[in-house]
Amino acid sequence: MQEFWIILGTAVLIIAFVDVFLVVLNYDETGFLATRLCRLQWYCLRSVTRHLSRRWRPFALRQVTGLNILLSVTVWLGCVVVGFGFLYYGLMVGANFEYDGSGVGAGLFSAMYLSAAQLSTVGTSQINAQTDVLRALTIVETLSAPLLITLILTFLLGVYQVIRDLRTLSSNFSDAEHGVGDPIVNLEPYFPDGRGLDGYLQAINDSFWSYADGLRMHHVAYFFQSGRDQFSLPYVLHMFGETLAALRWGLPPGSSVAKEPLLVRLSSQFERFVDYLHEQLGWTSAVPEPVSFEEFAAAHLGTVQTPDIWVRRFLHLTAEMTRLAKLAATVDSQEVYARYRQWLPFAQHSAQVTLVVSLDLDYQPMLRA
């Protein structure tokens, strides 16, 4: 029976240290224990917060990240204490330990007490190891304490750095209104000639790369909730996707805006980030079939009202961008149709990831008045 506790303790320690290593130090890995428990914790909290009033819901949501971090640290420290405690309990035979104090003796509680005392680096004089192997084991546990503290601090700093990157990224799209906002409105200052647009795109590129890279390293930051409409991942996905679509396909390919070098790079980064979220959330993806040229041309020229929602969205997008750029309306339906076919897969993926993440994070933006 003693061998069972030793094997169990070894297994618990391996699980704890491997999970810490994967979550804190390994890129693109979410671990298999703490992060899953954080997701389960979020699901439990979500079932409560979604029923709260507008007054109390933001306050409750702001506690999510703190509770996630508290849970992760508790799980890691608890597993280390329990793992070493099982080892000590399995080795509490014969004269391996000397006990001093009323009510202190061989037992599971004494083993856990010794383990907690050693991990805290304080130790205890009531239970003393009597063999070199046990003395070495207690020293190993004591030395693991600063290692764990270092890893936990790295974890904390990493998570809050990702949150700061999200704040910076969100600020590129935020406006003075409440709610989701309109991507076209954010582009108005840079039109009709596109002056300053390259600097705006560079700022988005830098902050998005930093956030996406940090989230792959610290996936717990995905569950962050600010309680604000325009400081959230779903908001960024919506605004970023719509902005890229407007700039890449909202104007004719010969325009200076559509030729911005950063647009292709940003689109590639956005699509890779969508693929990463797809791996994490696993939704079913399906791209709608484009309508025929004849149907599109009829809708474009205004002779027929199309029932296809994607065509209506694209035509509205091109009309708004044409207005911003102060260009004459394009009558070449063939050229506009070619842009529509290029835009459709990107727009569908962008809309789908926004919807899935919004549902997963229970994003409920305020409606504009």
Side-chain angles (χ1 to χ4, degrees), residues 169-208 230 235-270 290-291 293-306 308-351 354 368-369:
L169 181 58
S170 299
S171 66
N172 291 306
F173 305 111
S174 61
D175 55 39
E177 301 293 335
H178 294 294
V180 175
D182 186 356
I184 303 299
V185 172
N186 285 318
L187 293 176
E188 286 184 351
Y190 308 103
F191 281 86
D193 55 2
R195 183 176 302 173
L197 184 61
D198 54 345
Y200 176 63
L201 294 177
Q202 186 62 56
I204 295 175
N205 177 73
D206 294 341
S207 55
F208 181 72
Q230 299 186 4
Y235 174 78
V236 166
L237 290 172
H238 167 72
M239 297 292 286
F240 192 14
E242 292 290 328
T243 299
L244 287 176
L247 294 175
R248 286 200 67 184
W249 297 288
L251 293 172
S255 66
S256 59
V257 172
K259 293 180 179 179
E260 279 285 346
L262 271 176
L263 283 178
V264 176
R265 185 193 306 174
L266 284 170
S267 299
S268 177
Q269 289 180 357
F270 182 80
V291 301
F293 171 71
E294 290 74 16
E295 181 180 346
F296 181 86
H300 176 234
L301 297 176
T303 57
V304 176
Q305 181 68 30
T306 177
D308 190 281
I309 187 174
W310 295 103
V311 173
R312 295 201 304 269
R313 287 181 180 178
F314 180 74
L315 292 178
H316 174 75
L317 173 68
T318 56
E320 287 296 299
M321 291 302 295
T322 300
R323 176 185 62 81
L324 285 185
K326 297 183 178 180
L327 299 175
T330 305
V331 295
D332 185 358
S333 296
Q334 190 70 49
E335 183 272 325
V336 181
Y337 182 68
R339 279 190 279 143
Y340 157 73
R341 290 181 64 92
Q342 295 173 355
W343 164 87
L344 184 58
F346 179 89
Q348 195 277 337
H349 289 152
S350 175
T354 302
R368 289 179 181 271

Inset, instruction - Taking H349 for its side chain and P345 for its backbone only, find out whether a donor-acceptor pair lies under 3.5 Å. - result: yes
Inset, instruction - Please name the pair of heavy atoms, one in E335 and one in P253, separated by the smallest distance, quoted to 0.1 Å. - result: OE2-CD, 3.0 Å
Legend entry - Separation between CG of D193 and NZ of K326, rounded to the nearest 0.5 Å: 9.5 Å
Inset, instruction - Tell me, please, which residues at least two apart from W343 pass ring-ring contact (aromatic ring centres under 6.0 Å, His included). - result: F314
Inset, instruction - Could you tell me whether R265 and E260 have a side-chain N and a carboxylate O separated by less than 4.0 Å? - result: no
Inset, instruction - Taking all non-hydrogen atoms of both residues into account, name the closest pair between V257 and L247 and its distance. - result: CG1-CD2, 3.6 Å
Legend entry - D182 side, atom CG; F173 side, atom CZ - distance, nearest 0.5 Å: 13.0 Å
Legend entry - Pairwise distance CG(D308) to CZ(R313) - rounded to 0.5 angstrom: 10.0 Å
Inset, instruction - Could you grab the distance from atom NE2 of H300 to atom CZ of F293, nearest 0.5 Å is fine? - result: 9.5 Å
Inset, instruction - Among L266, L244, N172, find the one that has a side-chain contact (heavy atoms from CB on, under 4.5 Å) with L201. - result: L266
Inset, instruction - Apply ring-ring contact (aromatic ring centres under 6.0 Å, His included) to Y200 and list each qualifying residue two or more places apart in sequence or on a separate chain. - result: Y190
Inset, instruction - Please confirm whether Y340 and Y337 have ring centers closer than 6.0 angstrom. - result: yes
Inset, instruction - Give the ring-plane orientation class for F270 versus F346, where under 30° counts as parallel, over 60° as perpendicular and anything between as tilted. - result: tilted
Inset, instruction - Over all heavy atoms of both residues, which pair between R339 and T330 is shortest? Give the atoms and the distance, please. - result: NH2-OG1, 4.4 Å
Inset, instruction - With sequence neighbours excluded, tell me which residues meet side chain to side chain contact (heavy atoms under 4.5 Å, CB included) with A298. - result: T303, V304
Legend entry - Nearest heavy atoms of A351 and W310, plus distance in Å: CB-CH2, 3.9 Å
Legend entry - Nearest-0.5 Å distance, OG1 of residue T354 to CE of residue M239: 11.0 Å
Legend entry - S333 side, atom OG; E294 side, atom CD - distance, nearest 0.5 Å: 10.5 Å
Inset, instruction - Please test D206 against Q202 for side chain to side chain donor-acceptor pair (under 3.5 Å), starting from the C-alpha separation and ending with a verdict. - result: CA-CA 6 Å; D206 294 341; Q202 186 62 56; 2.9 Å; yes
Legend entry - Set of ring-ring contact (aromatic ring centres under 6.0 Å, His included) partners for F191, sequence neighbours left out: none
Legend entry - Verdict with reasoning, R323 to I184, per side-chain contact (heavy atoms from CB on, under 4.5 Å): CA-CA 10 Å; R323 176 185 62 81; I184 303 299; 4.2 Å; yes
Legend entry - Taking every non-hydrogen atom, the tightest pair across L317 and A246: CD1-CB, 3.5 Å
Legend entry - Pairs involving residues 241-251, ordered by first then second residue, that meet side-chain hydrogen bond (donor to acceptor under 3.5 Å, both in side chains) (sequence neighbours left out): R248-S267, W249-Q342
Legend entry - Minimum heavy-atom distance P192-A325, with the two atoms named: CB-O, 3.7 Å
Legend entry - Partner residues of T318 under the side chain to side chain donor-acceptor pair (under 3.5 Å) criterion, sequence neighbours left out: none
